[in-house]
Amino acid sequence: MPRPRKRLTGAAGPDKKELSEKRIKTKNSENASAKLESPSPQMTSTSKNCDKNVSNYWLMKSEPESRLEKGVDMKFSIEDLKAQPKQTACWDGVRNYQARNFLKAMKLEEEAFFYHSNCKQPGIVGLMKIVKEAYPDHTQFEKNNPHYDPSSKEDNPKWSMVDVQFVRMMKRFISLGELKAYHQAHKATGGPLKSMALFTRQRLSVQPLSREEFDFILSLEETESS
């Protein structure tokens with residue numbers, strides 16, 4: 001399948017500095033007053049069929065604004081994904097071992113939120129699904145690539161990537177500020193986002209979500225942001 005390159009960075013800094021992993025070329029404001037009452041969770045068809053005890057959902061960060069690294073634009077937004085052939089792209093450039101291991105744990109048809117990071121208004125913008133399980137990331141072997149790793153060998157590659165396909169835009173933008181407000185409230189009440197990796201492991205650009213977290217975030221689409 002065509003692999004328009006994408007650019008990502010496995011260990012992104014805390015949201016302003018997370019160099020989220022994204023493709024290379026064929027690659028909010030915090031609403032602190034978000035409503036803290038939990039809407040009723042909604043399930044997607046995939047949600048209904050998944051094992052409750054397994055993380056079948058993901059959040060994957062990418063930079064929607066241009067930023068040059070070694071002469072290569074790191075930008076890869078959800079609009080860039082939609083513009084790819086078959087709306088499909090490889091999620092390359094992950095250079096953090098834990099994030100890589102999450103990529104290797106992904107299975108076909110699992111769903112992921114597309115999260116815009118390192119930008120003026122970070123947050124969740126859409127949904128995508130895994131259409132090819134982990135395989136070697138070609139960018140680790142490309143000397144002119146910002147993600148080149150001279151210590152990785154073709155017969156024993158260190159880094160992996162998956163292919164993702166656009167599913168749909170969110171019905172509304174779910175901002176980092178809104179998610180943070182729920183996270184803080186849920187830490188006190190035991191709500192669904194009390195342990196969300198976006199806040200407990202914020203440096204990771206690929207993060208697991210529980211079914212409860214995924215369904216709760218989907219339910220926010222039906223509410224008004226405040």
Side-chain angles (χ1 to χ4, degrees), residues 1-27 54-64 66-78 80-81 84-86 88-118 128-166 196-209:
M1 87 165 45
R3 283 197 290 262
R5 303 206 231 177
K6 160 171 89 222
R7 140 113 281 230
L8 320 118
T9 66
D15 247 298
K16 297 184 180 168
K17 262 190 165 175
E18 31 198 0
L19 305 180
S20 13
E21 304 155 1
K22 247 39 270 145
R23 279 189 188 271
I24 300 184
K25 194 157 180 342
T26 25
K27 237 302 238 204
V54 177
S55 176
N56 293 100
Y57 308 99
W58 309 93
L59 181 147
M60 300 168 76
K61 300 177 183 179
S62 185
E63 299 179 49
S66 289
R67 179 179 67 80
L68 294 179
E69 186 173 325
K70 295 184 179 178
V72 176
D73 194 349
M74 300 289 97
K75 173 183 178 293
F76 191 76
S77 68
I78 196 165
D80 293 319
L81 176 60
Q84 301 301 332
K86 298 184 180 179
T88 298
C90 61
W91 201 268
D92 62 40
V94 175
R95 295 297 180 268
N96 171 279
Y97 286 108
Q98 190 172 18
R100 178 208 62 185
N101 291 343
F102 287 140
L103 290 177
K104 293 174 78 170
M106 292 175 179
K107 302 299 180 187
L108 289 177
E109 300 299 317
E110 288 181 353
E111 293 174 294
F113 287 122
F114 195 120
Y115 181 96
H116 279 173
S117 69
N118 198 31
M128 54 190 180
K129 65 181 179 180
I130 309 306
V131 293
K132 184 174 181 178
E133 294 178 9
Y135 62 106
D137 177 351
H138 59 279
T139 65
Q140 65 195 302
F141 307 122
E142 298 174 355
K143 292 185 178 180
N144 295 326
N145 193 292
H147 300 116
Y148 173 61
D149 182 352
S151 68
S152 186
K153 307 303 177 187
E154 294 202 29
D155 59 352
N156 187 26
K158 284 185 178 180
W159 307 109
S160 299
M161 62 185 182
V162 297
D163 286 356
V164 298
Q165 185 175 53
F166 174 81
M196 188 179 181
L198 185 62
F199 305 103
T200 61
R201 288 184 279 184
Q202 66 264 38
R203 292 182 64 83
L204 291 176
S205 57
V206 178
Q207 302 175 352
L209 291 171

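Throughout, numbering of the chain's residues begins at 1 and tracks the sequence. All values below come from the heavy atoms of this structure, side chains included, with hydrogens, waters and symmetry mates left out. The structure presented is a predicted model; accordingly, all values stated were derived computationally and were not measured.
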Heavy-atom pair of closest approach, residues [X] and [Y]:
X      : Y      : result
Arg201 : Gln98  : NH1-NE2, 3.0 Å
Tyr148 : Gln140 : CD1-O, 3.2 Å
Phe102 : Val206 : CD1-O, 3.3 Å
Trp58  : Pro208 : CE3-CA, 3.5 Å
Ala134 : Ser160 : CB-CB, 4.1 Å
Ile130 : Val164 : CD1-CG1, 3.9 Å

Rounded at 0.5 Å granularity, tell me how far [atom1] in [X] sits from [atom2] in [Y].
X      : Y      : atom1 : atom2 : answer
Met161 : His147 : CE    : NE2   : 12.5 Å
Arg100 : Leu204 : CZ    : CG    : 12.5 Å
Thr139 : Asn145 : OG1   : CG    : 4.5 Å
Lys129 : Glu109 : NZ    : CD    : 4.0 Å
Phe114 : Leu59  : CZ    : CG    : 10.5 Å
Glu111 : Asn56  : CD    : CG    : 9.5 Å

Checklist entry - Would the Trp159 and Tyr135 ring centres measure less than 6.0 Å apart? => result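 Ring-ring flag for Trp159/Tyr135: false, centres at least 6.0 Å apart.
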Next on the checklist: Donor-acceptor pair, distance only, cut-off 3.5 Å: does the side chain of Glu133 make one with the backbone of Leu108?
Outcome noted: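 Yes: the side chain of Glu133 pairs with the backbone of Leu108.
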Item to check | Main-chain N/O of Leu68 paired with Asp73 side-chain donor or acceptor, under 3.5 Å | outcome: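 The answer is no, because no donor-acceptor pair under 3.5 Å joins these two groups.
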Item to check | Steps toward side chain to side chain contact (heavy atoms under 4.5 Å, CB included) verdict (Leu103, Met60) | outcome: CA-CA 10 Å; Leu103 290 177; Met60 300 168 76; 4.0 Å; yes
Item to check | Donor + acceptor pair across side chains of Arg95, Ser152 (<3.5 Å) | outcome: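 Ser152 and Arg95 do not have a side-chain donor-acceptor pair below 3.5 Å.
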Item to check | Stepwise side chain to side chain contact (heavy atoms under 4.5 Å, CB included) check, Val162 with Lys104 | outcome: CA-CA 8 Å; Val162 297; Lys104 293 174 78 170; over 6 Å; no
Item to check | side chain to side chain contact (heavy atoms under 4.5 Å, CB included) evaluation trace for Ile78 with Met128 | outcome: CA-CA 9 Å; Ile78 196 165; Met128 54 190 180; over 6 Å; no
Item to check | pair Gln207-Lys61: side-chain heavy atoms closer than 4.5 Å | outcome: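 Heavy-atom side-chain distance check passes, below 4.5 Å.
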Next on the checklist: Within the structure provided, determine whether Met196 and Leu209 are in side-chain contact (heavy-atom separation under 4.5 Å).
Outcome noted: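 Yes, at least one pair of side-chain atoms sits under 4.5 Å.
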